[in-house]
Amino acid sequence: MNLDETTRGILQRFGFDEETFAILRDRLQAGAAGETSNIIQGEVLPPHKEDVRPLPNLGTEERKKLAEIGQEAISAGQVGAVVLAGGMATRFGGVVKAGVPAIDDRSFLELKLRDLQKSSRVPVYLMTSFATNDVVDDLAAPFRADGRIVETFPQFVSLRLTPDGDIFRGAGGTPSLYAPGHGDLTFALRKAGILERFRAAGGRLLFMSNVDNLTATLDPAIVGAHLEHGRAFTAEVAPKMPGDKGGAPARVDDVPQIVEGFRFPPAFDQDRIPVFNTNTLILDAEAIDRDFDLSWFAVRKKVDDQPVVQFEHLVGQLSAFLPSSFVRVEREGPDARFQPVKDPAELERRKPEIRSALEGRGVL
């Protein structure tokens, strides 16, 4: 490939897989990668009632019981946290979102860490990208005092393609790089040695959330629900609202799993499923310490007003390989757990709700 030295340096540093890239590029050029190939195979049905269990209401005995179970695991040092802080740093004017002031001049990352470090025994692992790694690592430095574990590890990197399969170059003629999806999670954790160290120290569970979803706090009751259900993969799901896009729990050939919106067969009415995936997960560390044959999905986007194709892995597809359960959580009120912030306008709109929730949970 005809690449400049700077591009080659970034690719080498962040784990570019040239062999896989060549295979995917050949698929695209052969017309074997696109919307049709992304559609899931097999019989797709809505989840059964028992697949999606509501998180018990605050103050109930059932909620208190789950919180006790979860807190015991946290206090024993069995729970770690993963915060997804990668991506391309484009939604906030080219500034890395993790460092953007969210509430009272406290950044998204600071607020996430304030929550997770309420128990100093919870190690925190920040998944970055080539576009965010150095900034996030600097932001995390003050939170590593007193022996607290806050590590960064990068997801991988790849090259965007034109619809014809050529390397896409931006307005300046430089190859266009991108982070190929949060499905890198288990692969990147293992490559960095984090999963091995976490398990060796007695770690059993990893709680994963997005850096921009501040109300996805580490609630012991969620940990307790995961342990009570006894599955390797737990996803929080929330009631759908107009305009929501993303994956949802479904049964594929009678196996409960997360199915991304673009993977449902065209004839399937997605409104039959009243909840969708929030991308807040709990994963059994032992169960994810292996290779997974995740699909590479061809995603079509526009960059510099030009059509591009990028291949992505999605972390929700782990549910196709692991016994999975789904916990229904709230979107509003004191128990809200899904208040994502994708851009400055959404941040301003959601601030009052986020502030109220974080104050109630002792983060603010």
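Everything numeric here is computed off the predicted structure, so don't read it as measured data.
- Clustering ILVMFWY residues whenever any of their side-chain heavy atoms sit less than 4.5 angstrom apart, transitively, puts V122 in the very cluster that holds V363.
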### Task
Determine, step by step, whether E228 and L66 satisfy the side-chain contact (heavy atoms from CB on, under 4.5 Å) criterion, reporting the C-alpha distance in whole Å, the side-chain angles of both residues, the deciding distance to 0.1 Å, and the verdict.
CA-CA 8 Å; E228 185 180 70; L66 292 179; 3.6 Å; yes
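- Both F14 and W296 are part of a single hydrophobic cluster, where members link through side-chain heavy atoms under 4.5 Å apart.
- No more than 12 heavy atoms of other residues, nucleotides or ligands sit less than 6.0 Å from atom CD of Q41.
- At least one side-chain heavy atom of K112 sits less than 4.5 Å from a side-chain heavy atom of L214.
- Note on ring orientation: taking the six-membered ring where Trp is involved, the planes of F187 and H313 are parallel (angle under 30°, cut-offs 30° and 60°).
- The aromatic ring centres of F311 and Y178 sit 6.0 Å or more apart.
- Linking ILVMFWY side-chain heavy atoms closer than 4.5 Å, directly or via other members, places F168 and L24 in two distinct hydrophobic clusters.
- A distance of 8.0 Å separates OG1 of T162 from CZ of R25, quoted to the nearest 0.5 Å.
- Taking CG of L139 as the start and OG1 of T132 as the end, the distance is 10.0 Å to the nearest 0.5 Å.
- In this structure, E346 does not pair ionically with K342, as no charged nitrogen and carboxylate oxygen lie closer than 4.0 Å.
- The aromatic ring centroids of F297 and F262 lie less than 6.0 Å from each other.
- Other residues, nucleotides and ligands contribute only 12 or fewer heavy atoms inside 6.0 Å of the CG atom of D293.
- Applying side-chain contact (heavy atoms from CB on, under 4.5 Å) to L206 and the options D284, I282, I288 leaves one that passes, I288.
- The pair R63-D335 meets the salt-bridge criterion, since a charged nitrogen lies less than 4.0 angstrom from a carboxylate oxygen.
- By the neighbour-count criterion of 12 heavy atoms within 6.0 Å, atom CG of D269 is densely surrounded, having more than that number from other residues, nucleotides or ligands.
- Under the 4.5 Å side-chain heavy-atom criterion for Ile, Leu, Val, Met, Phe, Trp and Tyr, V96 and V124 are members of the same hydrophobic cluster.
- For R231 against H226, the heavy-atom pair with the smallest separation is O-CE1, 3.0 Å.
- In this structure, the separation between OG1 on T278 and CD1 on I258 is 8.5 Å, given to the nearest 0.5 Å.
- Rounding to the nearest 0.5 angstrom, the gap separating the CG atom in L227 from the CG atom in L205 is 5.0 Å.
- Note on R190 versus D291: salt bridge recorded, some NZ/NE/NH1/NH2 to OD/OE distance being below 4.0 Å.
- The existence of a salt bridge linking E61 and K64 is confirmed by a sub-4.0 Å separation between a basic side-chain nitrogen and an acidic carboxylate oxygen.
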#### Entry: side-chain contact (heavy atoms from CB on, under 4.5 Å) evaluation trace for L314 with H182
CA-CA 6 Å; L314 300 176; H182 41 54; 3.8 Å; yes
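- At a threshold of 4.5 Å between non-hydrogen side-chain atoms, the residues R350 and P340 count as touching.
- Considering every non-hydrogen atom in both L3 and R8, the closest pair reads O-NE, 3.6 Å.
- Between D134 and R13 there is a salt bridge, since at least one side-chain N of the basic residue sits less than 4.0 Å from a carboxylate O of the acidic one.
- Considering only heavy atoms from C-beta on, F143 stays 4.5 Å or farther from L116 through its side chain.
- Looking only at side-chain heavy atoms (C-beta outward), L161 and D166 stay at 4.5 Å or farther from each other.
- The existence of a salt bridge linking K302 and D305 is excluded, since no basic side-chain nitrogen approaches an acidic carboxylate oxygen closer than 4.0 Å.
- R160 places a side-chain N or O within donor-acceptor distance of the main-chain N or O of L177, the cut-off being under 3.5 Å.
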### S209 vs T280, side-chain hydrogen bond (donor to acceptor under 3.5 Å, both in side chains): CA-CA, chis, key distance, verdict
CA-CA 5 Å; S209 62; T280 300; 5.6 Å; no
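- Closest of all the heavy-atom pairs between D184 and M127 is C-SD, 4.5 Å.
- The shortest non-hydrogen separation linking L159 to L11 is CD1-CD1, 4.2 Å.
- Distance alone, capped at 3.5 Å, is enough to place a donor-acceptor pair between the R121 side chain and the S75 backbone.
- Here the CG atom belonging to D219 is positioned 10.0 Å from the CD atom belonging to Q71, to the nearest 0.5 angstrom.
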### Task
Output, in order, the C-alpha distance, side-chain angles, deciding distance and verdict of side-chain contact (heavy atoms from CB on, under 4.5 Å) for L294 and F321.
CA-CA 9 Å; L294 299 186; F321 299 86; 3.7 Å; yes
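- Side-chain contact between T60 and K65: absent, with no pair of heavy atoms (C-beta onward) separated by less than 4.5 Å.
- Note on R331 versus D244: salt bridge recorded, some NZ/NE/NH1/NH2 to OD/OE distance being below 4.0 Å.
- A side-chain donor from one of S295 and Q317 sits under 3.5 Å from a side-chain acceptor of the other.
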### Test side-chain hydrogen bond (donor to acceptor under 3.5 Å, both in side chains) applied to R361 and T217, step by step
CA-CA 9 Å; R361 300 171 200 179; T217 51; 3.0 Å; yes
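- Remark: the backbone N or O of G333 is not paired with any side-chain donor or acceptor of E353 at under 3.5 angstrom.
- For Q29, the CD atom counts as densely surrounded, since its 6.0 Å shell holds more than 12 non-hydrogen atoms of other residues, nucleotides or ligands.
- A donor-acceptor distance shorter than 3.5 angstrom exists from the side chain of R144 to the backbone of V150, with no hydrogens or angles considered.
- V237 places none of its side-chain heavy atoms less than 4.5 Å from the side chain of V329.
- Shown here are the side-chain hydrogen bond (donor to acceptor under 3.5 Å, both in side chains) partners of E330, two or more places apart in sequence or in another chain: R328.
- The pair R199-E196 fails the salt-bridge criterion, with no side-chain N (NZ, NE, NH1 or NH2) lying under 4.0 Å from an Asp/Glu carboxylate O.
- No more than 12 heavy atoms of other residues, nucleotides or ligands lie within 6.0 Å of CD in E286, so this atom counts as exposed by the packing criterion.
- Taking 4.0 Å as the cut-off between side-chain N and carboxylate O, K118 and D115 count as a salt-bridged pair.
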### Task
Show your reasoning for whether side-chain contact (heavy atoms from CB on, under 4.5 Å) applies to T128 and D137.
CA-CA 9 Å; T128 64; D137 196 54; over 6 Å; no
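- Under a 3.5 Å cut-off, the side chain of Q270 and the backbone N or O of G261 do form a donor-acceptor pair.
- V223 and A73 make their closest contact through CG1-CB, 4.4 Å (heavy atoms, listed as atom of the first residue, atom of the second, distance).
- Residue I40 holds its CD1 atom at 10.0 Å from CD of E260, rounded to the nearest 0.5 Å.
- For the pair N279 and V315, the minimum side-chain heavy-atom distance is below 4.5 Å.
- Looking only at side-chain heavy atoms (C-beta outward), V211 and L84 stay at 4.5 Å or farther from each other.
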### Message
Go through it in stages, so that I can follow the logic: the residues are F156 and F16, the test is ring pair (Phe, Tyr, Trp, His ring centres under 6.0 Å), and I'd like the CA-CA distance, side-chain angles, deciding distance and then a yes or no.
### Response
CA-CA 6 Å; F156 305 128; F16 175 61; over 10 Å; no
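- F153 and V157 fall into different hydrophobic clusters, where Ile, Leu, Val, Met, Phe, Trp and Tyr side chains are chained together by heavy-atom contacts under 4.5 Å.
- Of all heavy-atom pairs spanning I273 and A248, the tightest one is CG2-CB, 4.0 Å.
- Salt-bridge formation is not detected for the pair R169/D304: no Lys NZ or Arg NE/NH1/NH2 atom is positioned less than 4.0 Å from an Asp or Glu carboxylate oxygen.
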